Structure formats: structure tokens, C-alpha cells
K.L.:
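Take this structure first; my questions come after.
Just so it is clear, the structure is predicted and the values come from calculations on it, not from any experiment. For the numbers below, each heavy atom of this structure counts, side chains included, while hydrogens, waters and symmetry mates do not.
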Amino acid sequence: MNRTTSVLSELLLATPNTPLQYPFQGFHVLPLTPTFIPGLKLFPEQRKSYRVTLQVSKGVLTTETPPADVDVLGDGESVLIIESKNLNNLNYVLTTVSYQSTTYHVHTGDLVTFSYENHEVVFPVTIKLPKVPVLFDMGKDINSQVTITIKTFIRYNNLRILIKSIREFYPNITIIIADDSIETQPVTGENILHYIMPPAKGWLAARTMVVSQVMTKYYLWVDDDYEFTEKTKIEKMVEVMEANPELDMLGGSVRGNLYNFSVIYEEGNEIEEGCLYRKIGELFQPLPGFPGCYLVSGVVNFFLARTDSLQKSRCDLKLRRLAHAVYFIDGAGSLMVASCHDFIIGHQSNKSQEDKAPPQISMKK
């Protein structure tokens with residue numbers, strides 16, 4: 001299983017440009033759990049006596065029993081003072097200083113003020129309960145790695161053509177269908193799960209429901225009027241995702257046509273509102289190591305996604321027809337998305353004559 005860690009989580013110590021050494025990044029603690037503060041040290045000019053102060057606002061500071069020539073005031077409180085004539089022993093006590101938050105919160109932080117004479121530094125402590133990882137059995141073949149998910153609405157003949165094309169290249173892969181047609185028809189077959197929804201609930205409702213039934217690490221989302229070809233290589237898409245664990249979604253092209261877009265959101269202030277830019281066809285930059293793949297904000301309705309990434313963007317169930325684009329717009333700042341033009345799916349050119357227009361829904365009680 002691939003795991004990712006942001007560089008912002010890496011522990012970094014500030015070297016003593018001032019006489020104070022301290023962790024200016026990467027100090028993490030569990031809520032209500034005492035944790036040693038790494039890297040605290042004093043590098044002063046020679047003095048007869050040395051005194052440092054540490055202060056916090058959302059927790060308490062404690063030390064182990066100090067040597068006899070070190071005085072500690074405020075042990076177990078929010079302000080800790082350490083004083084000694086012996087610099088080595090004072091620095092030893094600094095290695096035993098622990099921080100413990102006093103209120104429970106799953107993700108918050110505090111600031112530690114560390115001072116000596118006229119020198120003062122402030123560094124952050126991240127108070128966070130780690131998320132339990134979602135684990136999947138990747139197995140040895142594509143059938144245990146990916147589930148194909150489809151949302152359909154009254155286009156049953158298109159759906160049958162799509163399923164037939166899937167079975168030509170992936171005879172045993174699981175297919176899950178969310179069907180919000182007004183008049184439904186049975187869809188059966190080996191490894192096919194067909195879920196009937198209330199009529200006309202829309203794309204996001206169907207997507208939320210169908211992905212909730214996925215048991216594999218990845219799901220491939222396709223429209224019901226697409227068609228698999230020899231260029232629809234799910235295995236290659238999985239390779240890209242496995243090589244880039246930070247990616248949430250990887251899109252492809254429909255008959256060689258890309259429908260990417262980028263989203264830039266500028267936050268407003270008390271006077272002016274924010275501004276959202278959506279640029280069709282805009283690419284941010286290439287995905288390193290994969291020619292033809294680029295980082296974007298949104299892709300077409302043909303993408304491979306991590307199953308546990310579903311909740312990274314808001315699913316507004318009030319939306320019906322514009323939901324796909326809005327999903328990626330809401331995901332700006334949360335979703336990492338890429339697009340590769342070599343991953344191609346076909347499109348059924350003409351709507352089937354067997355699929356009739358939906359009947360009108362009466363609003364009368």
C-alpha cells in the first residue's frame with residue numbers, strides 16, 4: 001500500500017542563528033497526549049547563569065526530574081521557566097520538555113513561545129488525531145483492483161452496448177449500475193449489480209450511491225453511452241495512479257477528445273467577494289514521468305478514481321445536470337486530478353432508437 005506524507009509534516013529544526021534551537025515545522029502530537037518537544041537547545045554566549053522560558057496557550061508543559069543545579073518553575077502549567085548556572089544540564093532538561101494539550105480536538109494547533117534574554121521565537125505544534133487508513137486488497141489482477149461504475153437514465157440499449165464492449169475486454173470485472181430511469185428495465189449478467197433509484201435523482205446522487213457499493217481500491221466511472229475499445233486500458237491507468245499516490249482521479253479522452261479544465265479560486269475579503277476562474281482546456285503542468293499526462297482541475301466523465309477520495313469534494317444532491325463540473329469546482333484545493341490523452345474510450349455516435357423519450361412526471365398530488 002502506498003502512503004503519502006506532505007513535506008509540511010517533515011520535522012525541521014531551526015539552527016541557532018539566534019541562541020535558540022527549536023522545531024519550526026513538523027512537531028505533531030496526539031490530543032491530550034504528552035509528547036517530547038524535539039530539538040530544544042540553547043547556544044548562548046558564556047554567562048554566569050542561563051534562563052529560558054516556554055509558554056503555550058492550549059496545553060501544559062512538563063519536564064522530568066531535573067538535576068539538582070537546575071531550577072524549574074511552572075512544571076505542569078502553561079508557562080515553564082528553566083534556570084541554571086550549568087548550560088549542559090539546562091540543555092539536558094530542555095530535551096525532557098513535553099507538551100500536552102488540555103482540550104480535546106481532532107485537528108487543531110498551538111503556538112509555543114521560546115525565549116532567552118532578548119531573543120524570542122515562536123513555533124507551531126499540530127494537535128491531530130490521525131485518520132485510520134482505508135485498506136484494500138489489491139489482489140493480482142485488474143478484477144480485484146477496479147470496479148466499473150455507471151449511471152444510466154432511460155438509455156438501456158446504449159447501456160447494453162457498453163456492457164457488451166466491457167465484456168469483450170474485461171469479461172470478469174464487476175460492473176455496478178445506478179439507474180434513476182423513470183420506467184426501469186432489468187439489467188442482468190455475471191458480476192453485474194443493478195441498483196434502482198428513485199426517478200431522476202441526478203448524477204451526484206447516483207454517483208454517491210453507486211460508489212458506496214464499491215469494494216475495490218479504484219473505480220472507473222463511465223457514461224452509459226460510451227464504448228470500450230482496444231485503447232481503453234484500465235491497467236495502464238492503475239499504473240499511473242499507483243506511481244502517484246497523491247492523485248485522486250485520472251481522466252482520459254473520449255474518442256481522442258479531451259475535455260479538461262482548470263479552476264483558480266481567489267479568496268475575497270470583507271470588502272470584495274472572491275473570484276472563481278474556470279478555463280476550458282487549460283493544463284497546469286505535465287505529470288512527471290508520464291508523457292501525455294497533465295495535471296488539471298477537472299476531466300470528462302471517463303476517469304479512474306480512488307474509492308476513498310469520494311468525500312474530498314462536496315456532493316450537492318440538489319444539482320442534476322451541472323453536477324459533474326460543479327463537483328470538480330468544489331474539489332479545487334482538495335482533489336488532485338490528472339488527465340492522459342492516451343487513455344481512450346469510444347462514444348456511441350447515435351442515440352438508440354429503442355430508447356424513447358422519458359414520460360412527463362406529474363406534479364399533481
Side-chain angles (χ1 to χ4, degrees), residues 1-133 245-246 267 288 333-334 336:
M1 181 187 68
N2 289 322
R3 296 178 184 265
T4 58
T5 301
S6 168
V7 294
L8 298 178
S9 298
E10 183 179 352
L11 178 64
L12 299 177
L13 299 179
T15 55
N17 296 320
T18 71
L20 300 168
Q21 177 178 288
Y22 57 96
F24 67 88
Q25 176 183 283
F27 178 41
H28 302 267
V29 302
L30 296 173
L32 306 178
T33 303
T35 306
F36 289 122
I37 302 177
L40 292 180
K41 200 168 186 180
L42 180 64
F43 293 83
E45 295 181 357
Q46 187 170 353
R47 297 285 193 271
K48 292 182 178 180
S49 180
Y50 308 92
R51 173 179 171 141
V52 296
T53 302
L54 294 110
Q55 183 172 356
V56 297
S57 60
K58 295 182 180 180
V60 294
L61 299 163
T62 58
T63 66
E64 295 181 354
T65 303
D69 58 354
V70 179
D71 293 324
V72 175
L73 300 175
D75 189 47
E77 300 177 8
S78 60
V79 178
L80 182 68
I81 300 172
I82 305 172
E83 187 173 8
S84 179
K85 295 180 180 179
N86 187 316
L87 178 61
N88 289 333
N89 285 348
L90 182 143
N91 277 330
Y92 165 74
V93 174
L94 283 175
T95 67
T96 71
V97 175
S98 293
Y99 173 90
Q100 180 178 349
S101 63
T102 52
T103 58
Y104 181 80
H105 198 291
V106 296
H107 192 182
T108 185
D110 199 353
L111 295 175
V112 182
T113 301
F114 184 25
S115 59
Y116 166 74
E117 293 185 347
N118 295 324
H119 303 280
E120 182 177 282
V121 298
V122 179
F123 60 90
V125 49
T126 300
I127 305 167
K128 185 176 181 180
L129 186 68
K131 293 181 180 179
V132 178
E246 71 278 8
E267 287 188 299
S334 299
M336 279 287 289

K.L.:
Within the side chain of Thr62, is there an N or O that forms a donor-acceptor pair under 3.5 Å with the backbone of Asp75?
P.N.:
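It does not hold such a pair.
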K.L.:
Determine the minimum heavy-atom distance between Ser49 and Glu83, stating which atoms define it.
P.N.:
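Taking Ser49 first and Glu83 second, the nearest heavy atoms are OG-OE2, 3.6 Å.
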K.L.:
For a quick test of reading the model, state the closest non-hydrogen atom pair linking Lys58 to Asp110 and the distance between them.
P.N.:
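That closest heavy-atom pairing would be N-OD2, 2.8 Å.
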K.L.:
Among residues at least two apart in sequence or on other chains, which ones pass salt bridge (charged side-chain N to carboxylate O under 4.0 Å, His left out) with Glu117?
P.N.:
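Partners of Glu117 under the salt bridge (charged side-chain N to carboxylate O under 4.0 Å, His left out) test: Arg47.
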K.L.:
Counting C-beta onward and ignoring hydrogens, is there a side-chain heavy-atom pair between Val125 and Ile37 closer than 4.5 Å?
P.N.:
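No. Closest side-chain heavy atoms not under 4.5 Å.
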K.L.:
Should Leu30 and Thr35 be marked as a side chain to side chain contact (heavy atoms under 4.5 Å, CB included) after you check the CA-CA gap, both sets of side-chain angles, and the distance that decides it?
P.N.:
CA-CA 8 Å; Leu30 296 173; Thr35 306; 5.8 Å; no
K.L.:
Not counting sequence neighbours, list each pair that qualifies as a ring-ring contact (aromatic ring centres under 6.0 Å, His included) and has a residue in residues 93-123.
P.N.:
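Of all non-adjacent pairs touching residues 93-123, those that pass ring-ring contact (aromatic ring centres under 6.0 Å, His included) are Tyr22-Phe123.
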K.L.:
If you count heavy atoms of other groups shown closer than 6.0 angstrom to CZ of Phe24, is the number above 12?
P.N.:
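Result for CZ/Phe24: enclosed.
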K.L.:
Grab the two heavy atoms, one from His28 and one from Gly26, that are nearest each other, plus how far apart they are.
P.N.:
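Shortest heavy-atom separation between His28 and Gly26 comes out as CD2-O, 3.1 Å.
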K.L.:
Within this structure, what is the CG-OG distance for the pair Leu61 and Ser98, rounded to the nearest 0.5 Å?
P.N.:
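One gets 9.0 Å once the value is rounded to the nearest 0.5 Å.
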K.L.:
Please report the interatomic distance CG(Asp71) to NZ(Lys85), rounded to the nearest 0.5 Å.
P.N.:
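Asp71 CG to Lys85 NZ: 10.0 Å, rounded to 0.5 Å.
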K.L.:
Please round to the nearest 0.5 Å and tell me the distance separating atom CG of Leu42 and atom CG of Asn91.
P.N.:
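Going from CG on Leu42 over to CG on Asn91, the span is 5.5 Å.
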K.L.:
Which heavy-atom pair separates Gln21 from Phe43 by the least distance, and what is that distance?
P.N.:
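Closest heavy-atom pair between Gln21 and Phe43: OE1-CE1, 3.7 Å.
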K.L.:
Give the minimum heavy-atom separation between Leu20 and Ser115, together with the two atoms involved.
P.N.:
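Residues Leu20 and Ser115, closest heavy atoms: CD1-CA, 4.1 Å.
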K.L.:
Tell me, do Arg51 and Ile81 make a side-chain contact under 4.5 Å, heavy atoms counted?
P.N.:
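Arg51 reaches Ile81 side chain to side chain.
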K.L.:
Indicate the atoms forming the closest heavy-atom contact of Leu40 with Pro23, along with that distance.
P.N.:
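Answer, listing the atom of Leu40 first, then Pro23: CD2-CD, 4.2 Å.
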K.L.:
Would you give the length of the straight line joining atom CG of Leu94 to atom CG of Leu80, rounded to the nearest 0.5 angstrom?
P.N.:
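Going from CG on Leu94 over to CG on Leu80, the span is 8.5 Å.
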K.L.:
Report yes if some heavy atom in the side chain of Thr96 is under 4.5 Å from a heavy atom in the side chain of Val93; otherwise report no.
P.N.:
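In short, these two side chains touch, coming nearer than 4.5 Å.
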K.L.:
Does the side chain to side chain contact (heavy atoms under 4.5 Å, CB included) test come out yes or no for Gln100 and Val29, once each step is laid out?
P.N.:
CA-CA 8 Å; Gln100 180 178 349; Val29 302; over 6 Å; no
K.L.:
What's the verdict on side chain to side chain contact (heavy atoms under 4.5 Å, CB included) for Val70 and Asn86, showing C-alpha distance, side-chain angles and the deciding distance?
P.N.:
CA-CA 8 Å; Val70 179; Asn86 187 316; 5.7 Å; no
K.L.:
Determine whether Pro66 and Asn89 make a side-chain contact, defined as any pair of heavy atoms from C-beta on separated by less than 4.5 Å.
P.N.:
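SC-SC contact between Pro66 and Asn89 ruled out.
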K.L.:
Would you say Val97 and Ile82 make side-chain contact, with heavy atoms under 4.5 Å?
P.N.:
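A side-chain contact under 4.5 Å exists here.
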